[in-house]
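Down below is the structure, laid out as structure tokens.
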Amino acid sequence: MKAYIRGRTRAAVAGSARLWQASPLTYAVLIFAIVLSAFPLYWMFVVATRTNDVVGAVPPPFIAGQHLGDNMRRLFDNEQAHFAKALLNSAIASAVVALSTVFFSSLAGFAFAKLRFRGRNALLLVIVATMMVPVQMGIIPLYMVMVHLHWTGKLQAVIVPFLVTGFGVFMMRQYASQAVPDELIEAARVDGASTFRIFWSVVLPALRPAASVLALFTFMQTWNEFIWPRAVLNPDNPTVQYSLALLNSAYFNDYTLMFTGTVVATIPLAIVFVVFGRQIIGGIMEGAVKA
């Protein structure tokens, strides 16, 4: 019996070793994919450090120049774009929407997954149906609501309509139904905990992996949103994507200024991913081990 187990263990180790062995072709394909994905970002940075003369140059430049400081100074001094205010508006809107979406989606997901109430399946079907409606179809009625509330041109117009999403509710519901055992909830209820206390102390820590992923995706989506801020805000109070569009002129396109703004607008996303990426991956692995 011991010999059989020992043989199975060796076979498993050998199979795992074969699984992690990669051929030179695999490495070549991965390197090509990395270069193909990273080159546009690198060239954007190169143009941001140079003048407009290199935009149409053949061959294009591949080495960074010395004009990044001048281009950034012109970017933040541009009176038409209000870029510094746009960065602040996007940071506030993205953070508030991400935190609110995680909180309310976790609450709703917990309710749909673990609580029994009349009409639960019908309400969940309605929430899923909202995911099938394109965002562009709701712009006109939503804009009419913003006009009625006198919120046009104000930052709350890009925050309040997106405090919770159907995708977030559905995602947290699916994760809560698998990650949170019914016995754990019943034990907390026997101890006298209220429903909200059960959610806050028992369910929410178990939902941390999915909540981290949802927060990151929501932050990135809100930061990159352009159509709705363009419709409801004005040039004096823009978000970062709207501000980048304001850098265009009717008679002249300053590509170095636009690329400099794009580089600066990408930095917060990179920081968020670097800071929270390890926690997100660690949370996913922790949830997988527990499952």
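The analysis underlying the following values was restricted to heavy atoms, covering all of them including side chains, and did not include hydrogens, waters or symmetry mates.
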Name every donor-acceptor pair, under 3.5 Å, that has one atom in a side chain of residues 195-204 and the other anywhere in the protein, sequence neighbours excluded.
{"unit_1": "Arg197", "atom_1": "NE", "unit_2": "Ser201", "atom_2": "OG", "d": "2.9"}
{"unit_1": "Ser201", "atom_1": "OG", "unit_2": "Arg197", "atom_2": "O", "d": "3.4"}

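- If you chain together hydrophobic residues whose side chains sit under 4.5 Å apart, Met258 and Tyr42 never meet in one group.
- In this structure a side-chain-to-backbone donor-acceptor pair under 3.5 Å is missing from Thr218 to Ala215.
- With sequence neighbours excluded, the residues that form a side chain to side chain donor-acceptor pair (under 3.5 Å) with Ser23 are Thr26.
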For this session: Could you check Met220 against Thr222 for side-chain contact (heavy atoms from CB on, under 4.5 Å), going step by step and ending with a plain yes or no?
Result: CA-CA 6 Å; Met220 295 176 61; Thr222 307; over 6 Å; no
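- Closest of all the heavy-atom pairs between Gly261 and Leu75 is CA-CD2, 3.6 Å.
- Here the side chain of Thr49 pairs a donor or acceptor atom with the backbone of Val46 at under 3.5 angstrom.
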Problem set entry | Pair Trp228-Val232, side-chain contact (heavy atoms from CB on, under 4.5 Å): steps then yes or no | CA-CA 6 Å; Trp228 176 242; Val232 76; 3.9 Å; yes
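- For Thr101 (side chain) and Ala98 (main-chain N/O), no donor-acceptor pair under 3.5 Å exists by modelled atom type.
- Applying the salt bridge (Lys or Arg N to Asp or Glu O under 4.0 Å) rule to pairs touching residues 68-92 yields Asp70-Arg73, Arg74-Asp254, sequence neighbours excluded.
- Phe39 is listed as a side-chain neighbour of Phe62, based on a closest heavy-atom distance under 4.5 Å.
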Please tabulate, one pair per line, all N/O donor-acceptor pairs under 3.5 Å involving side-chain atoms of residues 109-118, not counting sequence neighbours.
{"unit_1": "Lys114", "atom_1": "NZ", "unit_2": "Val180", "atom_2": "O", "d": "2.7"}
{"unit_1": "Lys114", "atom_1": "NZ", "unit_2": "Asp182", "atom_2": "OD1", "d": "2.9"}

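- The hydrophobic cluster containing Val164 does not contain Leu99, counting ILVMFWY residues as joined when their side-chain heavy atoms lie under 4.5 angstrom apart, directly or transitively.
- Hydrophobic clustering (side-chain heavy atoms under 4.5 Å, transitive across Ile, Leu, Val, Met, Phe, Trp, Tyr) keeps Val126 apart from Met131.
- Annotation: side chain of His82 is in contact with side chain of Pro238 (closest heavy-atom distance under 4.5 Å).
- When all heavy atoms are compared, the tightest approach of Met172 to Ala211 is CE-N, 4.0 Å.
- With Asn234 contributing its side chain and Asp236 its backbone, the two residues share a donor-acceptor pair below 3.5 Å.
- Remark: Arg230 CZ to Ser243 OG distance equals 12.0 Å, nearest 0.5 Å.
- Met137 and Pro141 get closest at one heavy-atom pair: O-CD, 3.8 Å.
- With hydrogens and angles ignored, the 3.5 Å screen pairs no side-chain donor or acceptor of Thr239 with any backbone N or O of Ser90.
- Rounding to the nearest 0.5 angstrom, the gap separating the CE atom in Met144 from the NE2 atom in His148 is 10.5 Å.
- For Ile267, the CD1 atom counts as densely surrounded, since its 6.0 Å shell holds more than 12 non-hydrogen atoms of other residues, nucleotides or ligands.
- There is a path of hydrophobic side-chain contacts, each under 4.5 Å, that joins Ile271 to Leu41.
- Across all non-hydrogen atoms, the minimal contact from Tyr255 to Asn52 is N-OD1, 3.0 Å.
- Between the CD atom in Gln241 and the CD1 atom in Ile227 there is a gap of 11.5 Å [rounded to 0.5 Å].
- Residue Thr130 holds its OG1 atom at 10.0 Å from CG of Leu125, rounded to the nearest 0.5 Å.
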Problem set entry | Intermediate values then yes/no, side-chain contact (heavy atoms from CB on, under 4.5 Å), Val102 and Ser106 | CA-CA 6 Å; Val102 169; Ser106 300; 4.1 Å; yes
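- How far CG of Leu68 is from CZ of Phe259: 14.0 Å, rounded to the nearest 0.5 Å.
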For this session: Kindly determine whether Asn224 and Leu269 satisfy side-chain contact (heavy atoms from CB on, under 4.5 Å), including the steps that lead there.
Result: CA-CA 10 Å; Asn224 293 324; Leu269 295 180; 3.7 Å; yes
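- Considering every non-hydrogen atom in both Phe45 and Ala64, the closest pair reads CE2-CB, 4.0 Å.
- Residues meeting the ring pair (Phe, Tyr, Trp, His ring centres under 6.0 Å) test with Phe83, sequence neighbours left out: Phe76.
- In this structure, Arg50 and Thr256 approach most closely via the heavy-atom pair O-CG2, 3.3 Å.
- For Tyr143, the OH atom counts as loosely surrounded, since its 6.0 Å shell holds 12 or fewer non-hydrogen atoms of other residues, nucleotides or ligands.
- Two residues are said to be in side-chain contact when any heavy atoms from C-beta on lie closer than 4.5 Å; Leu214 and Phe167 meet this criterion.
- Note that CZ of Phe170 is 12.5 Å distant from OG1 of Thr165, once rounded to the nearest 0.5 Å.
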Donor-acceptor pairs under 3.5 angstrom involving side-chain atoms of residues 152-162: please list them, not counting sequence neighbours.
{"unit_1": "Lys154", "atom_1": "NZ", "unit_2": "His150", "atom_2": "O", "d": "3.4"}

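- Within the 3.5 Å criterion, the main-chain N or O of Ala265 finds a donor-acceptor partner in the side chain of Trp223.
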